Each structure stands twice: as C-alpha cells, then as structure tokens.
Asks: 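Submitted below is the structure of interest, expressed as structure tokens.
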2 protein chains.
Amino acid sequence: MRRLADRLGSGVMSLYWHIDTKEDVFDLALDAVLKYRGFSQTGELGEWRAEVVHMLEDWRVCMLRHPWSASLLPSRALGANMLRRLELLGSSLSRAGVADADLNVAIWSLWNHVLGATVTRASFDLSDEDKAAAQQRLTHLSERYPTIERSRLLLENDWDGTFRKGLDFLLDGLTPKL
Amino acid sequence: MRRLADRLGSGVMSLYWHIDTKEDVFDLALDAVLKYRGFSQTGELGEWRAEVVHMLEDWRVCMLRHPWSASLLPSRALGANMLRRLELLGSSLSRAGVADADLNVAIWSLWNHVLGATVTRASFDLSDEDKAAAQQRLTHLSERYPTIERSRLLLENDWDGTFRKGLDFLLDGLTPKL
DNA sequence: ACCTGAACACCGTTCAAGT
DNA sequence: ACCTGAACACCGTTCAAGT
C-alpha cells in the first residue's frame, strides 16, 4: 500500500477512498491481467478445437506476462474477466458438441491445465544459475531420482511445447465424447 | 513467526536458531504436507492406470487436507517429498510404456491437473451462504453468462468426481501413445 | 549448542481532520 | 467528493547477550 501510494505520488490513505482493503487491490489487479482481447464469438464450426486452443494459449500468456498473477490465484474471488473467459470457453465447448452433463468437467479440466501450467512455469522456470545448481543437486541424487534425471524434468525448457502437447492430450481425451 | 512461537511456547527469536527465514518454514510445511505414505514400487503391470490414479488422488487429498498448501505452491522450491512423488509418477508412466520423449509432458500435465484442481477447489468451494450470494449474482447476470448459468459451474459441488473424470480424459488422451 | 528480550524498520488500517 | 498525516497494532529480523 505504502509502496503503491508512492508509485502513484499520493498519500497512503488516499487509496482508501477508492478501495476498502489491500485484498481488493489484488482482486482488481488479477482481473485486469485477465482482460480478454479476442473474438467473443466466432462460431466457425469444425474449428472449435483451434478456437479453444487459441483461447487457452492466450489465457496462459496473459498470466505469464505478470508472474505474480499466478500466486494471486489461490483464494481469490472470480472477477468479471475471469467469468467472461469461462463463459466463452464453455460456449465454445458446448457448440462443439460437449453434452451439458460433461460441460463442468471439461471447463474445469481445461482451466486447471492453464492454471497448473502457469503456476508450474512460474515456480520452476529456473534461471541459468539455478539450473546449474539444480543440475548439480540432481546429479548428486540421480540414484534416488533416476526418472527425473533421465527425463531432465527440471532442466527441460520448452514450456510452451509442454503446455501445448498436454492440452492436446486433454482435448484428445475429450473428443470421443462428441 | 510470533504466532508460531506462541503456539510452541517459546520465545520468538528461538525459532531463528532452527531456521533462517519465514520462507524456510513455508518450504518445510509444504513438504511435510506432501509426505507420501503409499507403495513405493508395485510394478504390477497392466495396472499402471489404477496405480497412477491412486497416486494422484492421494496427492490431491493430501493438499486439500491443508488448504493453505495450495496457496503456498507458487514460487516455492521443490522439497524432497515433491521430488519423490514426481519420480514415482514418472517411473510408473515409464514402466507403462510412455516414451522418454513424452515423459516430461505426461508428468507435468498430470501434476498440473492435481495442482489446478487443488487451487480451484480451494478457491471456489463456496460456503452455503456464498453459494446463495453467487446464485443471486449469477441469476442476475444470466443473460451475460448463459453457459455458466446453465452448467451450474460454480454451484456444482462434486469436486471429487470432476477431478476424477478430468483425470480420465487426460489418461485417455495419453493412452494411444503407449 | 541453544534460547532470549530489546530494538529496528517496516506494514495495513482507523480516525479525525482538512479541502 | 476527495485527500491527508498522525497514531495504532502488528510483523519479520538484527544484534548483543545470556545459559
């Protein structure tokens, strides 16, 4: 708050005219990050999968632009932009043929993938120094964690590709339901 | 820290003999939550899917037992128990036939599902009062969020089932790679 | 080796007051 | 309608000192 007021060149307590509490600032900041500047309805049938992938990739990119947003997510109310994105995702899936009974699972699973990938990336995208240290530590422990060692789980860097491929798995699993 | 010291019946500064910083306490707390009391290697072939499902459900349950653990996850180093779980998951998948090239994607996708589901659940598992309020708000906005309204996305309560079904989608998508 | 209290620099917020 | 500074209750941590 004090920092924020400084940045704005105002007195600290002036902030409290506009918002009630620090939590409110976080809610607003998170929702600002999630603002969606994409099509709101394309409706091109047959293209639902590309449409969904595009939406979710954009979602992830928005959050990665401000890495703090991932750490804000837990225990925060859903703002208007978040609702808008969920609605858009849901309507795409629905028009693609997902039955109403499966809609919740589909929406949450896809959102969870975005959320999880964002948090994971923000936590484990190591700097080069950290990577060297991790390498060191893992080599040292390679007999305890052979699979991690072999797959270079923490050193592998293609987060975009991992996200995209994982998303494909999910959508592949979802598709037979259509 | 002061609260923790009180709880332990010690002076505040005594804590600092055992740990360096508040962050360290969080790291330790998170890793304690993730302690795994399951089989370490079953190796029963053909049962890999049940094995993976069991591991991931346990993972999720552990984290839900202490809802604060979800909010600790972002920007935290991976402790020994986390590494152990990742290793175990990876080796199950590997023995099930997942190629080394796909191992990272598979591990991260499944972990992301657990993580995302945990955070989502911790954020959106509304109390009954909140649910009434949300209902109110959504009904009011139902023309803007028709799909959310129709699927009762925020009122639907079967988080366990949603987690499990989403996991099935993921594993279904993964299986053809075997 | 382990514990301690006083002190410091910080923080969010209440309150009563200003324009 | 909007801004403000003084004050309060809290917090993590340094330091120098105790056993």
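Just so we're on the same page: letters track the sequence lines, and every chain starts at 1. Since we're looking at a predicted model, the values are computed, not measured.
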Asks: Go through D160(B) and R60(B) one step at a time and tell me if the salt bridge (charged side-chain N to carboxylate O under 4.0 Å, His left out) criterion holds.
Replies: CA-CA 10 Å; D160(B) 296 346; R60(B) 172 168 167 272; 3.1 Å; yes
Asks: Rounding to a whole Å, what distance do you find between Y16(A):OH and dC11(C):P?
Replies: 12 Å
Asks: Take a 6.0 Å sphere around NZ of K35(B) and say whether it holds more than 12 heavy atoms from other residues, nucleotides or ligands.
Replies: no
Asks: Give the C-alpha distance, both sets of side-chain angles, the deciding distance and a yes or no for salt bridge (charged side-chain N to carboxylate O under 4.0 Å, His left out) between R85(A) and D58(A).
Replies: CA-CA 10 Å; R85(A) 287 185 117 110; D58(A) 174 78; 2.2 Å; yes
Asks: May I ask you to check whether F124(A) and W111(B) place their ring centers less than 6.0 Å from one another?
Replies: no
Asks: Provide, to the nearest angstrom, the distance between the CH2 atom belonging to W17(B) and the C1' atom belonging to dC2(C).
Replies: 6 Å
Asks: Would you say a side-chain N or O of S14(A) is under 4.0 Å from OP1 or OP2 of dT4(D)?
Replies: yes
Asks: Which nucleotide wins on minimum distance to the side chain of S10(A), given the candidates dC11(C), dG12(C), dT4(D)?
Replies: dT4(D)
Asks: Give a yes/no on whether any side-chain N or O of T21(A) is located under 4.0 angstrom from OP1 or OP2 of dG12(C).
Replies: no
Asks: Could you provide the dot-bracket string of DNA chain C, using ( ) for intrastrand pairs, [ ] for crossing pairs and | for bases paired to another strand, with Watson-Crick or G-U pairs below 3.5 Å?
Replies: ||.|||||...|||||.||
Asks: Taking atom P in both dA16(D) and dC2(C), what distance in whole Å separates the two?
Replies: 22 Å
Asks: Suppose we screen for side chain to side chain contact (heavy atoms under 4.5 Å, CB included). Which residues come up paired with E87(B), at least two apart in sequence or across chains?
Replies: Y145(A), P146(A), T147(A), I148(A), S91(B)
Asks: How long is the line joining NZ of K22(B) and P of dC10(D), in whole Å?
Replies: 16 Å
Asks: Could you tell me whether the phosphate oxygens of dT13(C), OP1 or OP2, come under 4.0 Å of any side-chain nitrogen or oxygen in R2(A)?
Replies: no
Asks: Would you say a side-chain N or O of H18(B) is under 4.0 Å from OP1 or OP2 of dA1(C)?
Replies: no
Asks: Quick one: does W59(A)'s side chain get under 4.5 Å of M82(A)'s, heavy atoms only?
Replies: yes
Asks: Counting side-chain heavy atoms from C-beta on, which of dC2(C), dT13(C), dG5(C) comes nearest to M13(B)?
Replies: dG5(C)
Asks: Closest-nucleotide mapping onto DNA chain D: is M1(B) or L15(A) further toward the 5' terminus? I mean the 5' end.
Replies: L15(A)
Asks: Among the candidates dG12(C), dT4(C), dC11(D), find the nucleotide nearest to the side-chain atoms of R3(B).
Replies: dC11(D)
Asks: For residues 1-20 of chain B, dump all side-chain donor-acceptor pairs below 3.5 Å to protein atoms at least two apart in sequence or in another chain.
Replies:
unit_1	atom_1	unit_2	atom_2	d
S14(B)	OG	G11(B)	O	3.2

Asks: Can you measure D20(B) atom CG to dC15(D) atom P for me and round it to whole angstrom units?
Replies: 14 Å
Asks: Could you give the CG-to-P distance, from L8(A) to dC2(D), as a whole number of Å?
Replies: 16 Å
